[in-house]
Asks: 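Structure incoming, see below.
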Amino acid sequence: MRTLKIYEPGDKMISLIRDNYDLLQSLGSFGISLGFGDKSVRETCEDNGVDTYTFLAVVNFTVNGSGEFEDDDHLSVPTLLHYLEASHAYFLDFQLPYIRRELQESLDERESLAKLILRFYDEYAHEIRRHMRYEQKTLFPYVQSLLDGHPITDYNADTFSKHHGAADKKLRELKLLIIKYLPQDGLHNNQLTATLHDIYENEVWLQQHARVEDCIFVPAIRRLEQTVKQYDVTRNISDMVFKNGTQNPEPLSDRERDVIIALVQGMQNKEIADHLCISVNTVITHRRNIARKLQIHSPAGLTIYAIINNLVDISTVKL
């Protein structure tokens, strides 16, 4: 049974690279520069403005191959978005052109089979570009709109999942053509072997990239969608609460705010009095003043008011 290696914030960043050299490209996608010396993962991430938890989540997931990812709400969506955008740029602007140049150098383009190889590669590259550009034009702007609190309509994470697929059929055909039908002289054979190795490496990278999107990024988007949806519901109800023209109610005192927070937390008058070290009659007076100022008389309405005005965190309130 395979033993999983789980890296932690206190581990040396150099240890991760020494154990997994293929993480070098991931560093660049996260925006982490080389030259980190003997600093820990946490120190290196903080120096480069990268969320440590999210960085390690992606690293541990990819290092451990087929291991399942336990979804949680501690991931930084902005960090994931930056990572995927940079990964796309790396693959489209560097890797795809680089491998094509390798193929050209190791093939005799005067031969028909060599032309066919390059055509296969160009078709494969076109599929990859089409897929990644779809994400760049639709998925990434949508996620940014969620982060901005103004989601683009007519799109969601499920729509992306339905269109998400790997263009690997042509790549398999390309590898078979090279392996089976292209014996060359010593020099060209060495060049072609090195190119084939790079193709295999990039195939693994693309598979990992797709798994990060499917198993980490898409669930994170769904959580973000739910959060934005809850906020919109709360905001809409709040608009209804204040539709009688009291959008700018008389300001509350600090003590009245304390009473609202206690009410939202489920406390009764006696509990509020004990909590705030005041009398029950004073609590009742504060509640009358709150109702008069806000024109809100129900616990649900006060809960909405408290969320909208940042008196309590929406994540701590059961809507």
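Source: prediction; values computed, not measured.
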Asks: Measuring only between side-chain heavy atoms, which start at C-beta, is Tyr305 closer than 4.5 Å to Leu311?
Replies: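 They are in side-chain contact.
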Asks: How far apart are the closest heavy atoms of Asn269 and Ile284, and which atoms are they?
Replies: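 That closest heavy-atom pairing would be ND2-CG1, 3.8 Å.
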Asks: When clusters are formed by joining ILVMFWY residues with side-chain heavy atoms under 4.5 Å apart, either directly or through shared neighbours, do Val280 and Ile261 land in the same one?
Replies: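 Val280 does not cluster with Ile261.
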Asks: Counting heavy atoms not belonging to Asp38, are there more than 12 under 6.0 Å from its CG?
Replies: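 For Asp38, atom CG is not crowded (no more than 12 foreign heavy atoms under 6.0 Å).
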Asks: Does the distance from a Lys or Arg side-chain N to an Asp or Glu carboxylate O, for Glu127 and Arg130, drop under 4.0 Å?
Replies: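 Arg130 and Glu127: salt-bridged.
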Asks: Hey, does Glu256 have a side-chain heavy atom less than 4.5 Å from the side chain of Ser253?
Replies: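 SC-SC contact between Ser253 and Glu256 confirmed.
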Asks: How does the hydrophobic cluster around Tyr21 look, that is, which other residues are in it when side-chain heavy atoms under 4.5 Å mark a link?
Replies: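 So far as hydrophobic clustering goes, Tyr21 is joined with none.
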Asks: Answer yes or no: is there a side-chain heavy-atom contact under 4.5 Å between Glu85 and Gln136?
Replies: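 With C-beta onward as the side chain, the pair stays apart.
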Asks: Go through Glu102 and Gln191 one step at a time and tell me if the side-chain contact (heavy atoms from CB on, under 4.5 Å) criterion holds.
Replies: CA-CA 8 Å; Glu102 283 190 305; Gln191 290 177 322; over 6 Å; no
Asks: Taking all non-hydrogen atoms of both residues, which atom of Ile99 and which atom of Asp198 are closest, and how far apart?
Replies: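 Heavy atoms only, the tightest pair is CD1-O, 4.2 Å.
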Asks: Output the distance between atom NE2 (His197) and atom CG (Asn202), rounded to the nearest 0.5 Å.
Replies: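 One finds 10.5 Å between NE2 of His197 and CG of Asn202.
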Asks: What is the minimum heavy-atom distance between Asn20 and Val63, and which atoms define it?
Replies: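 Looking at all heavy atoms of both residues, the shortest contact is OD1-CG1, 3.7 Å.
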Asks: Does Lys39 use its side chain to pair, donor to acceptor, with the backbone of Thr44 at less than 3.5 Å?
Replies: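 The answer is no, because no donor-acceptor pair under 3.5 Å joins these two groups.
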Asks: Mind checking whether Tyr121 and Tyr124 have parallel, tilted or perpendicular rings, split at 30° and 60°?
Replies: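 If you compare the ring of Tyr121 with that of Tyr124, the planes turn out tilted.
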Asks: Taking the side chain from Asn64 and the backbone from Phe61, do they hold a donor-acceptor pair closer than 3.5 Å?
Replies: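 No, Asn64 side chain to Phe61 backbone: no donor-acceptor pair under 3.5 Å.
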Asks: Sub-3.5 Å donor-acceptor pair from the side chain of Thr282 to the main-chain atoms of Ile278, do we have one?
Replies: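 Pair absent, no side-chain N/O of Thr282 close to backbone of Ile278.
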Asks: Might you work through the salt bridge (Lys or Arg N to Asp or Glu O under 4.0 Å) test for Asp258 and Arg255, ending with a clear yes or no?
Replies: CA-CA 5 Å; Asp258 292 337; Arg255 182 59 78 191; 3.6 Å; yes
Asks: Take Tyr142 and Glu225 through the test side chain to side chain donor-acceptor pair (under 3.5 Å) and record every step on the way to the result.
Replies: CA-CA 10 Å; Tyr142 169 69; Glu225 287 173 338; 2.5 Å; yes
Asks: Test your reading of the model: is there a side-chain donor-acceptor pair from Thr62 to the backbone of Gln208, 3.5 Å cut-off?
Replies: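 Checking the backbone N and O of Gln208 against the side chain of Thr62, no donor-acceptor pair under 3.5 Å is found.
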Asks: Verify, without hydrogens or angle tests, whether Asp51 (side chain) and Thr54 (backbone) share a donor-acceptor contact under 3.5 angstrom.
Replies: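 Yes; at least one donor-acceptor contact below 3.5 Å.
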Asks: Would you say the side chain of Leu27 lies within less than 4.5 Å of the side chain of Ile17, judging by non-hydrogen atoms?
Replies: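 Of all side-chain heavy-atom pairs linking Leu27 with Ile17, at least one is under 4.5 Å.
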Asks: Of all heavy-atom pairs between Leu75 and Ala57, which one has the smallest distance, and what is that distance?
Replies: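 Distance-wise, the nearest heavy atoms are CD2-CB, 3.6 Å.
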Asks: With Lys5 as the cation and Tyr7 as the aromatic partner, state whether NZ or CZ is under 6.0 Å from the six-membered ring centre and within 45° of the axis.
Replies: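 Yes, Lys5 sits over the ring of Tyr7.
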Asks: Taking the six-membered ring for Trp, are His88 and Phe140 closer than 6.0 Å centroid to centroid?
Replies: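 Yes: the rings meet the under 6.0 Å criterion.
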Asks: Which atom pair, heavy atoms only, marks the closest approach of Thr303 to Val264?
Replies: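 Scanning both residues completely, I find the closest heavy atoms to be CA-CG2, 3.7 Å.
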Asks: For Tyr98, does the OH atom have more than 12 heavy-atom neighbours from other residues, nucleotides or ligands under 6.0 Å away?
Replies: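 No - once you tally the heavy atoms of other residues, nucleotides and ligands closer than 6.0 Å, there are 12 at most.
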Asks: Within a strict 4.5 Å, meaning less than it, do heavy atoms of the Leu84 and His209 side chains meet?
Replies: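 Of all side-chain heavy-atom pairs linking His209 with Leu84, at least one is under 4.5 Å.
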Asks: Roughly how far, to the nearest 0.5 Å, is CG of Leu302 from CD1 of Ile290?
Replies: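 With rounding to 0.5 Å, CD1 (Ile290) is 6.5 Å from CG (Leu302).
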Asks: Should the pair Arg119-Asp122 be classified as a salt bridge under the 4.0 Å nitrogen-to-oxygen rule?
Replies: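 No salt bridge links Arg119 with Asp122.
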Asks: Looking at Glu203 and Lys175, is any side-chain nitrogen of the basic one under 4.0 Å from a carboxylate oxygen of the acidic one?
Replies: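 Here Lys175 pairs with Glu203 in a salt bridge, since their nearest N and O are under 4.0 Å apart.
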Asks: Look at the side-chain heavy atoms of Ile, Leu, Val, Met, Phe, Trp and Tyr, link any pair under 4.5 Å apart, and say whether Ile117 and Ile179 land in one connected group.
Replies: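 Hydrophobic grouping puts Ile117 with Ile179.
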Asks: Hey, is the main chain of Asp22 close enough, under 3.5 Å, to the side chain of Gln25 for a donor-acceptor pair?
Replies: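 Absent.
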Asks: Closer than 3.5 angstrom, by distance alone: can the side chain of Arg257 be matched with the main-chain N or O of Leu252 as a donor-acceptor pair?
Replies: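 Present.
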Asks: Is the shortest heavy-atom distance from the side chain of Phe91 to the side chain of Met132 under 4.5 Å?
Replies: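 Touching, per the 4.5 Å side-chain cut-off.
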Asks: Under a 4.5 Å side-chain heavy-atom rule over Ile, Leu, Val, Met, Phe, Trp and Tyr, are Leu24 and Tyr83 clustered together?
Replies: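 Result: yes, single cluster for both.
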Asks: If I take atom CD1 from residue Ile304 and atom CG from residue Asn309, how far apart are they, to the nearest 0.5 angstrom?
Replies: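 So the CD1 of Ile304 and the CG of Asn309 are separated by 11.5 Å.
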Asks: Quick one: does Lys293's side chain have a donor or acceptor within less than 3.5 Å of a partner on Pro251's backbone?
Replies: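 Yes.
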Asks: Is any side-chain heavy atom of Ile32 closer than 4.5 Å to one of Met13?
Replies: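 Yes, at least one pair of side-chain atoms sits under 4.5 Å.
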Asks: Are Val204 and Ile128 linked, directly or through other ILVMFWY residues, by side chains that come within less than 4.5 angstrom of each other?
Replies: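 The answer is no; the residues belong to distinct hydrophobic clusters.
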Asks: Using every non-hydrogen atom in the two residues, find where Val41 and Leu16 come nearest and quote the distance to one decimal.
Replies: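 Taking Val41 first and Leu16 second, the nearest heavy atoms are CG2-CD1, 3.8 Å.
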Asks: Verify side chain to side chain donor-acceptor pair (under 3.5 Å) between Gln95 and Tyr90, making sure each step is shown before the conclusion.
Replies: CA-CA 7 Å; Gln95 278 301 102; Tyr90 163 80; 3.3 Å; yes
Asks: Taking Glu46 for the side chain and Glu43 for the main chain, is one N or O donor matched with an acceptor at less than 3.5 Å?
Replies: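 Not at all, since once roles are kept as given, no pair shorter than 3.5 Å links the two residues.
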Asks: Rounded to the nearest 0.5 Å, what separation is found between the CD1 atom of Ile216 and the CD atom of Glu213?
Replies: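 Those atoms lie 10.5 Å apart.
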Asks: Output, in order, the C-alpha distance, side-chain angles, deciding distance and verdict of side-chain contact (heavy atoms from CB on, under 4.5 Å) for Leu263 and Arg287.
Replies: CA-CA 10 Å; Leu263 287 169; Arg287 292 190 64 171; 3.6 Å; yes
Asks: In sequence, state the C-alpha distance, the side-chain angles, and the governing distance for Ile221 and Leu139, and then conclude on side-chain contact (heavy atoms from CB on, under 4.5 Å).
Replies: CA-CA 10 Å; Ile221 298 172; Leu139 177 65; 3.7 Å; yes
Asks: Name the orientation class of the two ring planes belonging to Tyr53 and His74 (parallel below 30°, tilted from 30 to 60°, perpendicular beyond 60°).
Replies: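 Geometry flag for His74 against Tyr53: tilted rings.
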Asks: Ignoring hydrogens and angles, tell me if any N or O in the side chain of Glu271 forms a donor-acceptor pair with the backbone of Gln268 under 3.5 Å.
Replies: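 A pair under 3.5 Å: yes.
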Asks: Using side-chain contact (heavy atoms from CB on, under 4.5 Å), reason through Asn48 and Phe36 one step at a time and then give a plain yes or no.
Replies: CA-CA 10 Å; Asn48 291 272; Phe36 38 73; over 6 Å; no
Asks: For residues Val59 and Ser26, determine if any side-chain heavy atom of one lies less than 4.5 Å from a side-chain heavy atom of the other.
Replies: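 Not touching, per the 4.5 Å side-chain cut-off.
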Asks: To the nearest 0.5 Å, tell me how far Glu8 CD sits from Asn60 CG.
Replies: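 Between Glu8 CD and Asn60 CG, I get 8.5 Å after rounding to 0.5 Å.
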